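Note that this is a predicted model, so its numbers are computed, not measured.
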Amino acid sequence: MGAAPSTPRLGEVGAAPPGAAEQMFAALVGDKAYPISSEFWKQLFELPLTLQWPRERVLQACHAFAQNNYNTKHLTKILIHLVWCLQECTSASSVSYGVYRKAINAAYISSIFLKFIIENAKADNWQELCLHIDKDEKGLENFPSDQTVEYFLMKGVLNYIGSVDVSPESCYLHHELLNLMLVLMSTQLCSGPSPEPKDVHPFIDAAMLQESTTVGSVVQKLLLNFVRRPQIPLNGSHPVFSDNGGPGVLQRVGSAAANLVLLPYYTFNYLVNASAEGATSQLADNSLLVLLILIHYRKCISMTESIPIDNIYMSDSNTNIKDAPSFHENPYCKALNNAKDIQFDRADVEGNAQNGPVVRLSFASLFDALGTCLKDESSVLLLYSLVHGNCDFQEYVLVRTDLDTLLMPILEMLYNASRKTSNQIYMLLIILLILSQDSTFNASVHKLVLPSVPWYQERLMHQTSLGSLMVVILIRTIKYNLSKLRDVYLHTNCLAILANMGPHVHRLSAYASQRLVSLFDMLSRKYAKLAELKNDKASKIISDQIEPDNISDDTSTELHIYTDFLRIVLEIVNAILTYALPRNPEVVYAILHRQEVFQPFKNHPRFNELLENIYTVLDFFNSRMDMQQLDGEWSVDKVLELINKNCRSWRGEGMKIFFQSWCHKFVPCGDSC
């Protein structure tokens with residue numbers, strides 16, 4: 001009674017008799033506690049895992065493990081042994097496969113049981129994890145007395161990820177550690193949509209407390225994994241394969257427990273079946289997911305905490321300070337925002353000293369990798385994070401001459417907006433809005449000519465500028481939103497991008513010019529219907545036919561919104577005509593061809609000032625056409641010839657300059673560091 005339980009016998013060293021793994025796992029999930037210094041752990045992690053358990057058996061084992069973990073503390077012991085295995089992997093210059101196997105098995109077993117406990121936890125403080133251990137226990141003499149188990153774990157895992165390059169030998173361990181990181185940080189999924197001071201996330205909170213050198217190396221390695229996209233070799237030795245070359249426990253148990261673990265273990269299916277050339281890089285994908293979770297984590301500060309102002313960021317500068325949530329500084333977000341291009345000299349160009357180590361990598365390689373992967377939502381989020389937070393990378397993007405590398409995938413995704421969620425569309429539009437705040441960008445997109453746009457189905461688009469394509473796609477997105485989503489914020493973003501582009505438009509295509517005028521026509525018809533509806537209700541209320549209600553208020557609000565939309569479209573047309581008319585004969589042709597759509601608003605008090613310039617242009621070119629002696633009727637070519645001729649003599653006399661709202665900026669709300 002009271003003696004430590006005996007270790008299950010496995011036979012000779014290096015041998016794994018039949019049933020050994022069954023016996024070891026039965027002991028692991030059982031109610032007998034094995035000391036951390038027991039040989040049990042060494043033998044467990046050295047097992048060649050070739051079990052073939054059905055899903056029900058995996059669930060049964062997880063239930064037993066979670067129930068007995070309160071007394072055995074086996075989860076904490078596995079995690080501590082994992083860190084010791086990782087330390088062994090980094091301390092030696094040459095690491096044997098046996099050492100890698102122990103670390104891989106420890107990481108994999110940890111992932112399965114952790115994910116089950118997190119998913120089924122009932123307490124917000126994660127008591128079910130039982131992360132406390134008696135540090136006076138034999139074998140823990142060297143355990144840091146000032147560190148918690150979760151800090152010790154995250155330090156070990158992050159140190160390995162940040163210090164060890166991915167190689168054919170270490171790639172399997174990297175893969176399992178990235179999966180483990182996703183599990184560890186998944187506690188956020190059990191909290192509400194907004195961070196609150198009472199939220200407890202033991203592992204990611206511990207990650208936020210790591211030293212700056214560790215943080216910088218982790219961010220750099222994860223970015224490099226995304227850029228280099230390392231492949232897991234098909235002919236490597238790994239527990240995913242059994243001794244006869246068939247799939248082992250990592251594939252079989254992983255697929256059986258897919259609904260339980262909810263991790264990308266299905267990737268091993270392509271390890272067995274796919275060719276290396278056609279396979280995607282799961283290491284790159286998981287590295288990106290881990291990076292995004294780290295940089296976007298927000299730890300809310302409780303009302304009782306007192307933290308220096310430099311370590312807090314507010315959710316919205318316009319919010320009342322008393323009501324605004326405040327957050328701890330995120331070191332991973334800060335490291336990403338301060339990342340530098342490796343092409344530059346290590347000394348800061350502006351002579352400003354950097355606080356702590358700086359992440360350095362090739363912006364050219366990162367730019368190319370993003371262009372290749374932008375059809376994936378996580379890559380879009382990374383691009384947003386970079387152009388929003390990292391001024392150096394944003395400047396690098398803006399001076400690239402091949403902007404189509406990034407913009408074409410973005411525009412294609414917007415073209416297929418019906419297959420995207422509104423959040424995905426927002427992210428794409430915000431990226432374009434941030435870039436469109438730069439005049440160089442707006443000028444560059446109109447000078448870059450695309451030979452063709454194969455994914456655009458409505459018509460053939462040959463030798464069209466990237467800027468013209470942007471105008472067409474943005475207007476198409478507005479029309480889709482008007483018919484399906486009816487989202488005011490999405491409308492506003494699209495129009496803001498067009499407004500920023502307006503003064504810099506150069507040789508806008510005929511199709512894009514027609515789309516711009518048809519956009520005004522569509523919005524004006526919607527405005528007219530709302531105005532008529534409001535007037536009808538107002539007259540009925542006056543005659544006491546109906547009672548005033550909220551419906552009339554809603555109509556007034558919607559009418560006000562469409563008034564603003566129409567004003568922005570008129571500002572866009574004004575900007576083109578005021579600053580770039582000689583370079584845009586097709587825009588002049590489009591407003592001449594559809595000039596009747598502007599007539600109902602000519603004397604409208606909300607629009608007349610914006611229409612003055614348009615009618616100045618219409619009067620100028622209409623008079624030139626009236627003066628032209630012409631045999632026969634006007635053709636498109638003849639009208640364009642006259643417009644081109646008179647564009648050269650256009651001096652802009654009588655045009656008013658509007659300085660107000662065509663420079664629209666993206667103002668973030670609560671996601672800066």
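Remark: Glu176 CD to Ile104 CD1 distance equals 7.0 Å, nearest 0.5 Å. Phe393 CZ to Leu361 CG: the interatomic distance, rounded to the nearest 0.5 Å, is 8.5 Å. Rounding to the nearest 0.5 Å places CZ of Phe152 at 7.0 Å from CH2 of Trp84. Here the straight-line distance linking atom CG of Leu178 with atom OG of Ser111 works out to 10.5 Å at 0.5 Å rounding. Here CG of Asn71 is found 14.0 Å from NZ of Lys32. Values are rounded to the nearest 0.5 Å. Remark: Cys190 SG to His201 NE2 distance equals 8.5 Å, nearest 0.5 Å.
By the 30° and 60° cut-offs, the orientation of the rings of Trp41 relative to His74 is perpendicular.
Under the 3.5 Å distance criterion, with hydrogens and angles disregarded, a donor-acceptor pair is assigned to the side chains of His296 and Ser385. Looking only at atom types and distance, the side chain of Asn179 has no donor-acceptor partner in the side chain of Tyr108 under 3.5 Å away.
Looking at Asn330, its side chain never comes within 3.5 Å of a backbone N or O of Arg298 through a donor-acceptor pair. Looking only at distances, no side-chain donor or acceptor of Thr187 sits under 3.5 Å from a matching main-chain atom of Val200. Listed for the His388 side chain is no donor-acceptor partner under 3.5 Å among the backbone atoms of Ile434. Looking only at distances, no side-chain donor or acceptor of Trp126 sits under 3.5 Å from a matching main-chain atom of Ala121. Within the 3.5 Å criterion, the main-chain N or O of Asp341 finds no donor-acceptor partner in the side chain of Asp392. The main-chain N or O of Lys122 is found under 3.5 Å from a side-chain atom of Glu128 such that the two form a donor-acceptor pair. The backbone N or O of Arg360 sits less than 3.5 Å from a side-chain atom of Gln220, completing a donor-acceptor pair. Side-chain atoms of Lys77 come within 3.5 Å of backbone N or O of Tyr34 as a donor-acceptor pair.
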I'd like a table of donor-acceptor pairs (distance under 3.5 Å, sequence neighbours excluded) in which one partner is a side-chain atom from residues 132-145, with atom names and distances.
{"from": "Asp134", "atom 1": "OD1", "to": "Asp136", "atom 2": "N", "distance (Å)": "3.0"}
{"from": "Lys135", "atom 1": "NZ", "to": "Ser145", "atom 2": "O", "distance (Å)": "3.3"}
{"from": "Lys135", "atom 1": "NZ", "to": "Gln147", "atom 2": "O", "distance (Å)": "2.6"}
{"from": "Glu137", "atom 1": "OE2", "to": "Ile36", "atom 2": "N", "distance (Å)": "2.9"}
{"from": "Glu141", "atom 1": "OE1", "to": "Gly139", "atom 2": "N", "distance (Å)": "3.0"}
{"from": "Glu141", "atom 1": "OE2", "to": "Gly139", "atom 2": "N", "distance (Å)": "3.2"}

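Annotation: side chain of Leu184 is not in contact with side chain of Ile118 (no heavy-atom distance under 4.5 Å). Considering only heavy atoms from C-beta on, Leu44 stays 4.5 Å or farther from His81 through its side chain. Using a 4.5 Å heavy-atom threshold, the side chains of Leu86 and Asn159 count as separate. With a 4.5 Å cut-off on side-chain heavy atoms, Leu182 and Val290 count as touching. You'll find the side chain of Tyr332 reaches within 4.5 Å of the side chain of Met208, heavy atoms only. Annotation: side chain of Leu129 is in contact with side chain of Leu114 (closest heavy-atom distance under 4.5 Å). Two residues are said to be in side-chain contact when any heavy atoms from C-beta on lie closer than 4.5 Å; Leu291 and Asn225 fail this criterion. Using a 4.5 Å heavy-atom threshold, the side chains of Gln210 and Pro331 count as separate.
Residue Glu211 places its CD atom among 12 or fewer non-hydrogen atoms of other residues, nucleotides or ligands, all under 6.0 Å distant. A 6.0 Å sphere centred on CZ of Arg228 holds no more than 12 heavy atoms belonging to other residues, nucleotides or ligands.
Listed here is the closest heavy atom pair of Ile295 and Cys333: O-CB, 3.4 Å. Closest heavy-atom contact between Ser110 and Leu180: CB-CD1, 4.1 Å. Considering every non-hydrogen atom in both Met185 and Ile204, the closest pair reads SD-CD1, 3.7 Å. Of all non-hydrogen atoms in Ala207 and Leu158, the two that sit nearest each other are CB-CD1, 4.0 Å. In this structure, Phe116 and Ala66 approach most closely via the heavy-atom pair CE2-CB, 4.0 Å. Closest of all the heavy-atom pairs between Leu292 and Ser378 is CD1-O, 3.4 Å.
Remark: Met427 engages Val380, Leu381, Tyr384 in a side-chain contact (heavy atoms from CB on, under 4.5 Å) (not counting sequence neighbours). Contacts of Cys130 classified as side-chain contact (heavy atoms from CB on, under 4.5 Å), with partners at least two apart in sequence or in another chain: Asn69, Tyr70, Lys73. Residues satisfying the salt bridge (charged side-chain N to carboxylate O under 4.0 Å, His left out) criterion with Asp199, sequence neighbours excluded, are absent altogether. Taking the side-chain contact (heavy atoms from CB on, under 4.5 Å) definition, one finds that Glu150 meets it with Leu131, Thr148, Pro202, Phe203, Ala206, sequence neighbours left out. Residues satisfying the side-chain contact (heavy atoms from CB on, under 4.5 Å) criterion with Cys89, sequence neighbours excluded, are Val95, Val99, Tyr100, Ala103, Tyr160, Leu173.
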Worksheet item: Stepwise, does the side chain to side chain contact (heavy atoms under 4.5 Å, CB included) test hold for Thr372 with Arg229?
Response: CA-CA 11 Å; Thr372 303; Arg229 311 196 70 73; 5.9 Å; no
Worksheet item: Given the rule in the side chain to side chain contact (heavy atoms under 4.5 Å, CB included) test, do Ile293 and Met181 qualify, once you have shown the distances and angles that lead to the verdict?
Response: CA-CA 10 Å; Ile293 294 170; Met181 284 290 294; over 6 Å; no
Item to complete: Evaluate the side chain to side chain contact (heavy atoms under 4.5 Å, CB included) criterion for residues Arg57 and Glu22: first the C-alpha distance (whole Å), next the side-chain angles of each, then the deciding distance (0.1 Å), finally the verdict.
Response: CA-CA 11 Å; Arg57 186 78 182 280; Glu22 291 271 359; 2.7 Å; yes
Worksheet item: After noting the C-alpha distance and the side-chain angles of Val359 and Asn338, does the key distance pass the side chain to side chain contact (heavy atoms under 4.5 Å, CB included) rule?
Response: CA-CA 7 Å; Val359 175; Asn338 291 331; over 6 Å; no
